[in-house]
Amino acid sequence: SQTIHQWPATLVQPVGSPLSLECTVEGTSNPNLYWYRQAAGRGLQLLFYSVGIGQISSEVPQNLSASRPQDRQFILSSKKLLLSDSGFYLCAWSPGRDTDTQYFGPGTRLTVL
Amino acid sequence: AQKVTQAQTEISVVEKEDVTLDCVYETRDTTYYLFWYKQPPSGELVFLIRRNSFDEQNEISGRYSWNFQKSTSSFNFTITASQVVDSAVYFCALRLDSGGGADGLTFGKGTHLIIQP
């Protein structure tokens, strides 16, 4: 069966510091991968998605970036964090073909101070 | 652009009552998918159901049932005989069909369901 991991689970960072959140999927190959952010108002917003290694599509312009160095690894980064980057970051995966259900990881709660 | 509206921000009921969570969506596409996810206090989004736009058949899974009506652009979720463990935030979501399966989900703002013992 497939499993999705995210780390760290919780992170507190000062404004202006860099960020690296990691997501890995097990038990599948060539998945589509997604990063979502859930801000304090509970809404979920798609940030990035990827259909393959090195292929990243951005949905919202911001100071965040994403990379996919390996088939089942998806990384969310920032060079300098802003207060507004605080939130709950969720990684999701879906099969690359036919099925379109997205399955979510446990999330990373980021607090920028 | 597509939109999902969950007008009920918070619902509180007593255990064993039935409760319906409303979801209204907007899209000009004829092919799309609708989803419900549950977010317990731990934060992880748990997939509950997926429906495509060509399948209006209602579905029942144990105490959960879903009513999909294209005529009113609604995809409502009913929990029968609610239990305290049902307490969570529930999200309705919409995804368009680009053919490649890579589209993101458009979420509603969620309904916080509180089941009181």
Side-chain angles (χ1 to χ4, degrees), chain A residues 1-11 23 28 30-52 55-60 66 68 74 87-111, chain B residues 1-11 21 23 27 29 31-55 59 61 66 88-114:
Chain A
S1 63
Q2 300 85 10
T3 55
I4 179 169
H5 304 279
Q6 287 186 246
W7 62 88
T10 305
L11 191 60
C23 169
T28 187
N30 196 31
N32 294 327
L33 297 172
Y34 308 81
W35 279 111
Y36 288 84
R37 177 170 60 197
Q38 186 176 24
R42 290 185 288 154
L44 286 118
Q45 181 183 41
L46 177 66
L47 302 176
F48 302 94
Y49 67 88
S50 171
V51 298
Q55 301 179 61
I56 309 295
S57 296
S58 173
E59 291 293 306
V60 181
R68 185 169 176 174
F74 204 23
F88 190 51
Y89 289 82
L90 288 155
C91 181
W93 76 275
S94 70
R97 299 178 184 176
D98 302 325
T99 312
D100 49 50
T101 297
Q102 293 179 22
Y103 299 94
F104 286 80
T108 295
R109 195 164 301 280
L110 172 66
T111 303
Chain B
Q2 61 271 22
K3 182 180 178 181
V4 176
T5 301
Q6 294 180 256
Q8 303 150 310
T9 304
E10 184 173 291
I11 299 175
L21 309 182
C23 173
T27 179
D29 285 40
T31 303
Y32 51 88
Y33 300 87
L34 295 165
F35 302 81
W36 276 96
Y37 286 87
K38 175 182 180 180
Q39 187 177 42
S42 62
E44 181 174 354
L45 280 175
V46 178
F47 166 71
L48 296 177
I49 190 172
R50 181 191 77 183
R51 262 286 176 265
N52 71 54
S53 53
F54 299 108
D55 183 4
E59 181 156 338
S61 176
W66 291 269
V89 179
Y90 290 85
F91 289 95
C92 180
L94 168 71
R95 201 210 69 139
L96 303 181
D97 184 8
S98 68
D103 291 291
L105 295 167
T106 298
F107 284 88
K109 292 191 180 299
T111 296
H112 184 196
L113 178 63
I114 301 170

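As the structure is a prediction and not an experimental result, all values here were calculated from the model. So that the names make sense, note that chain A is the first sequence line, chain B the second, and so on, each numbered from 1.
Considering only residues two or more places apart in sequence or on other chains, A/Tyr36 meets the ring pair (Phe, Tyr, Trp, His ring centres under 6.0 Å) condition with A/Phe104, B/Phe107. The salt bridge (Lys or Arg N to Asp or Glu O under 4.0 Å) test applied to A/Arg37 returns A/Asp85, not counting sequence neighbours.
Between A/Thr101 atom OG1 and B/Ile49 atom CD1 the span is 10.0 Å, to the nearest 0.5 Å. With rounding to the nearest 0.5 Å, the separation of CD in B/Gln39 from CD in A/Gln38 is 4.0 Å. A/Phe88 contributes atom CZ, which lies 8.5 Å from atom CD of B/Glu44 (distance to the nearest 0.5 angstrom). Between A/Gln45 atom CD and B/Leu105 atom CG the span is 13.5 Å, to the nearest 0.5 Å.
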